Amino acid sequence: MKELEKVELSIIGTISTPHKTIANIPIQSVGAKEYTGIIELEPQLAAALEGLEGFSNLILLYHLHRVDGYKLKVKPFMDDKEHGVFATRSPKRPSPIGLSTVELLKIEGNKIWFRGADMLDGTPLIDIKPFFRQVDNRPDAISGWLDSKDDDLPAKHRSDDRFA
């Protein structure tokens with residue numbers, strides 16, 4: 001198999017959460033409402049936070065730094081059938097990038113407190129984007145195989161060892 005081309009990304013900060021291991025971690029931020037996290041942005045980037053305090057939610061992009069390798073087909077947490085990895089949010093991806101929409105609690109200096117921590121403690125942060133309700137919501141979106149599941153399923157599931 002041809003090796004995939006690489007791209008270099010900068011780590012802009014570190015995410016601290018209560019989750020020290022992958023076991024029983026929420027698999028989506030919607031299921032992690034009781035967990036808060038703190039982002040410590042690199043100090044020289046603090047000015048980039050100006051204006052962010054007016055948003056209720058943030059989209060965090062981060063490196064899934066504890067994932068080893070990838071699979072083209074996986075059995076996701078919310079189904080008992082295999083799917084192509086790009087039809088899932090499995091961490092076993094060719095480019096292990098995680099995405100979480102979280103609730104912004106406060107910003108002080110180069111630190112951001114948020115609710116909805118579904119990532120491991122020490123996770124390297126790649127980017128922060130504000131959640132724009134005018135463009136990020138898609139009320140008529142179709143969610144493929146997940147549409148046949150209970151709407152509360154993502155909030156109820158916790159990780160197991162299948163992607164460790």
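Keep in mind that what you see is a predicted model, and the values were worked out from it rather than measured.
Rounding to the nearest 0.5 Å places NZ of K71 at 8.5 Å from CD of E82. In this structure, CD1 in I59 is found 8.5 Å from CZ in F132, a value given to the nearest 0.5 Å.
For the residue pair L105 and T36, the shortest heavy atom distance occurs at CD1-CG2, 3.9 Å. The shortest heavy-atom contact between S29 and V102 is CB-CG1, 4.4 Å. Summarising the geometry of A32 relative to A117, their closest heavy-atom pair is CB-O, 3.3 Å, with the distance given to 0.1 Å. Considering all non-hydrogen atoms of both residues, L58 and P130 come closest at CD2-CA, 4.4 Å.
One hydrophobic cluster, built from ILVMFWY side chains closer than 4.5 Å, cannot hold both I97 and L4; they sit in different ones. A chain of hydrophobic side-chain contacts below 4.5 Å, direct or via other Ile, Leu, Val, Met, Phe, Trp or Tyr residues, connects L64 to I12. Hydrophobic clustering, with ILVMFWY side chains joined whenever heavy atoms are under 4.5 angstrom apart, groups I15 together with V67.
Here F131 pairs with nothing under the ring pair (Phe, Tyr, Trp, His ring centres under 6.0 Å) rule; sequence neighbours left out.
Side-chain contact check for L60 versus F114: some heavy-atom pair is nearer than 4.5 Å. Within the 4.5 Å cutoff, the side chain of L104 has heavy atoms near those of the I112 side chain. Within the 4.5 Å cutoff, the side chain of P76 has heavy atoms near those of the H83 side chain. Residues K81 and K75 are not in side-chain contact: their nearest non-hydrogen atoms beyond the backbone lie 4.5 Å or more apart.
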Given the rule in the side-chain contact (heavy atoms from CB on, under 4.5 Å) test, do L125 and I11 qualify, once you have shown the distances and angles that lead to the verdict?
CA-CA 6 Å; L125 182 65; I11 296 171; 5.6 Å; no

Query raised in the report: Should T17 and T123 be marked as a side-chain contact (heavy atoms from CB on, under 4.5 Å) after you check the CA-CA gap, both sets of side-chain angles, and the distance that decides it?
Result: CA-CA 9 Å; T17 74; T123 293; over 6 Å; no

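Put simply, the side chain of R93 gets close to the backbone of T88: a donor and an acceptor are under 3.5 Å apart. Side chain of S90 to main chain of V74: no donor-acceptor pair is present (N/O by atom type, distance under 3.5 Å, no hydrogens or angles). Under the 3.5 Å distance criterion, the side-chain polar atoms of K92 are left unmatched by any main-chain donor or acceptor of K73.
The aromatic rings of H19 and Y35 stand perpendicular to each other, their planes meeting at an angle above 60°, with 30° marking the opposite boundary.
Applying the salt bridge (Lys or Arg N to Asp or Glu O under 4.0 Å) rule to pairs touching residues 123-137 yields D127-K129, sequence neighbours excluded. For the salt bridge (Lys or Arg N to Asp or Glu O under 4.0 Å) condition, no pair includes a residue of residues 1-10, sequence neighbours left out. For residues 110-126, the set of pairs meeting the salt bridge (Lys or Arg N to Asp or Glu O under 4.0 Å) definition, not counting sequence neighbours, comprises K20-D121, E103-R115. Within the structure, every pair that satisfies the side chain to side chain donor-acceptor pair (under 3.5 Å) test and touches residues 53-65, not counting sequence neighbours, is listed here: Y62-S100.
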Throw together a table of side-chain donor-acceptor distances under 3.5 angstrom for residues 37-52, partners on residues two or more places apart or in other chains.
none

